[in-house]
Amino acid sequence: MGEKIGKFFDSVGAFFTGGDQLPWCDRDIILGCEREIVEAGDDATDEVKQESIMRLSWALVHSRQPDDVQRGIAMLDASLASAVSPLQKREKLYLLAVGFYRSGDYSRSRQLLERCLEIAPDWRQALTLKKTVEDRIAKDGVIGIGIAATAVGLLAGGLAAALARKK
């Protein structure tokens, strides 16, 4: 019985927190990626620099810190036009979608995932994130409707109480 109650509270908690399966990234990993870019310096090839920047972008959009996520979004957005292959574009679009998901802009995340899926329609990672984003949009809608219904109910109850006192 206690196990069932625990599962119930876990599912309720997941409903309100989002319960996504995306990995989180610690500050230490971000610092390591930044250090890697600095150590590569001007001697590194463009390919090595781009790989290091992609690792840093990945770490930033998976961070728990909103400032890091915004920095990752800015880096990816600036580098999207320079993507030479469809694979690079797909990766950058996906990471941008992760960043916008983490920052709470679910509609922008969904748009980017749709562009990503135009390039690779069967990419499971993007399909999974798209489902997560759509579930989150639906949950936010349900919560919004619940708040609106509660407000209407309180208003109606207050009016009914006020009218009952007048009589």
K.L.:
Membership question, hydrophobic clusters at under 4.5 Å side-chain separation (ILVMFWY): are L113 and L96 in the same one?
P.N.:
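Same cluster: L96 reaches L113 through Ile, Leu, Val, Met, Phe, Trp or Tyr contacts under 4.5 Å.
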K.L.:
If you count every heavy atom of other residues, nucleotides or ligands that lies below 6.0 Å from K131 atom NZ, does the total exceed 12?
P.N.:
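For K131, atom NZ is not crowded (no more than 12 foreign heavy atoms under 6.0 Å).
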K.L.:
Is there a path of hydrophobic side-chain contacts, each under 4.5 Å between heavy atoms of I, L, V, M, F, W or Y residues, that connects I119 with M54?
P.N.:
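Yes: a chain of side-chain contacts under 4.5 Å links I119 to M54.
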K.L.:
Rounded to the nearest 0.5 Å, how far does CG of L129 lie from CZ of R136?
P.N.:
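Rounded to the nearest 0.5 Å, the CZ-CG separation comes out at 12.5 Å.
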K.L.:
Heavy-atom distance under 4.5 Å between the side chains of R115 and K89, does that happen here?
P.N.:
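Of all side-chain heavy-atom pairs linking K89 with R115, at least one is under 4.5 Å.
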K.L.:
If we only count heavy atoms from C-beta on, is the F100 to S107 side-chain gap below 4.5 Å?
P.N.:
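SC-SC contact between F100 and S107 ruled out.
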K.L.:
How long is the straight-line distance from CD of Q50 back to OG of S57, given to the nearest 0.5 Å?
P.N.:
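So the OG of S57 and the CD of Q50 are separated by 9.0 Å.
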K.L.:
Nearest 0.5 Å, please: how far is CD in E51 from CG in D46?
P.N.:
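The distance works out to 11.5 Å.
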K.L.:
Would I137 and R110 satisfy side chain to side chain contact (heavy atoms under 4.5 Å, CB included), going step by step from the backbone distance to the final call?
P.N.:
CA-CA 10 Å; I137 289 169; R110 182 172 51 186; 3.8 Å; yes
K.L.:
Do NZ/NE/NH1/NH2 and the carboxylate oxygens of D68 and R27 come within less than 4.0 Å?
P.N.:
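Yes, D68 and R27 are salt-bridged.
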K.L.:
Would you call H62 and R102 a side-chain contact if the rule is heavy atoms closer than 4.5 Å?
P.N.:
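They are in contact (side-chain heavy atoms under 4.5 Å apart), so the answer is yes.
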K.L.:
Below 4.5 Å, heavy atoms only, C-beta onward: do Q88 and S85 meet side chain to side chain?
P.N.:
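Heavy-atom side-chain distance check passes, below 4.5 Å.
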K.L.:
Do K92 and D77 have side chains that get closer than 4.5 Å, going by heavy atoms?
P.N.:
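A side-chain contact under 4.5 Å is absent here.
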K.L.:
Within the 4.5 Å heavy-atom criterion, are I53 and S79 side-chain neighbours or not?
P.N.:
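No. Closest side-chain heavy atoms not under 4.5 Å.
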K.L.:
How far does CD of E39 sit from OG of S52, to the nearest 0.5 angstrom?
P.N.:
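OG of S52 is found 10.0 Å from CD of E39.
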K.L.:
Honestly curious: do I29 and L76 fall in one hydrophobic cluster under the side-chain, below-4.5 Å linking rule?
P.N.:
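Per the 4.5 Å side-chain linkage, I29 and L76 are not co-clustered.
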K.L.:
Just jot down the salt bridge (charged side-chain N to carboxylate O under 4.0 Å, His left out) partners of R71, sequence neighbours excluded, or say none.
P.N.:
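Testing R71 for salt bridge (charged side-chain N to carboxylate O under 4.0 Å, His left out), a comparison that skips the adjacent residues, returns E34.
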K.L.:
Quick check: is L80 connected to L87 through a chain of hydrophobic side chains (ILVMFWY, heavy atoms under 4.5 Å apart)?
P.N.:
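Result: no, two separate clusters.
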K.L.:
Between S109 and D105 (side chain of the first, backbone of the second, donor and acceptor by atom type, cut-off under 3.5 Å), is there such a pair?
P.N.:
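Pair absent, no side-chain N/O of S109 close to backbone of D105.
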K.L.:
Who else is in L117's hydrophobic cluster (ILVMFWY, side-chain heavy atoms under 4.5 Å, direct or via others)?
P.N.:
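Answer for L117: L127.
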K.L.:
Give me the atom names and distance for the closest heavy-atom approach of I30 to A59.
P.N.:
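Taking every non-hydrogen atom into account, CG1-CB, 3.8 Å.
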K.L.:
What are the two closest non-hydrogen atoms of G99 and V69, and how far apart are they?
P.N.:
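Looking at all heavy atoms of both residues, the closest pair is O-CG1, 3.4 Å.
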K.L.:
Where is the tightest heavy-atom contact between S103 and Q70, given as atom of each residue plus distance?
P.N.:
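Closest pair (atom of S103, atom of Q70, distance): CB-NE2, 3.4 Å.
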K.L.:
To check you understand the geometry: which heavy-atom pair defines the closest contact between W24 and S63, and what is its length?
P.N.:
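Answer, listing the atom of W24 first, then S63: CZ3-O, 3.5 Å.
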K.L.:
Is there a side-chain contact between W123 and Y94 (heavy atoms, below 4.5 Å)?
P.N.:
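Yes; the side chains approach each other to less than 4.5 Å.
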K.L.:
R55: what forms a side chain to side chain donor-acceptor pair (under 3.5 Å) with it, not counting sequence neighbours?
P.N.:
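For R55, the residues satisfying side chain to side chain donor-acceptor pair (under 3.5 Å) (neighbours in sequence not counted) are E36.
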K.L.:
Among V133, L22, L93, which residue meets the side chain to side chain contact (heavy atoms under 4.5 Å, CB included) test with V98?
P.N.:
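Among V133, L22, L93, the one meeting side chain to side chain contact (heavy atoms under 4.5 Å, CB included) with V98 is L22.
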K.L.:
How about T132 and Q21: do any of their side-chain heavy atoms sit closer than 4.5 Å?
P.N.:
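SC-SC contact between T132 and Q21 ruled out.
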K.L.:
Working to the nearest 0.5 Å, report the span between SG of C33 and CH2 of W58.
P.N.:
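So the SG of C33 and the CH2 of W58 are separated by 8.5 Å.
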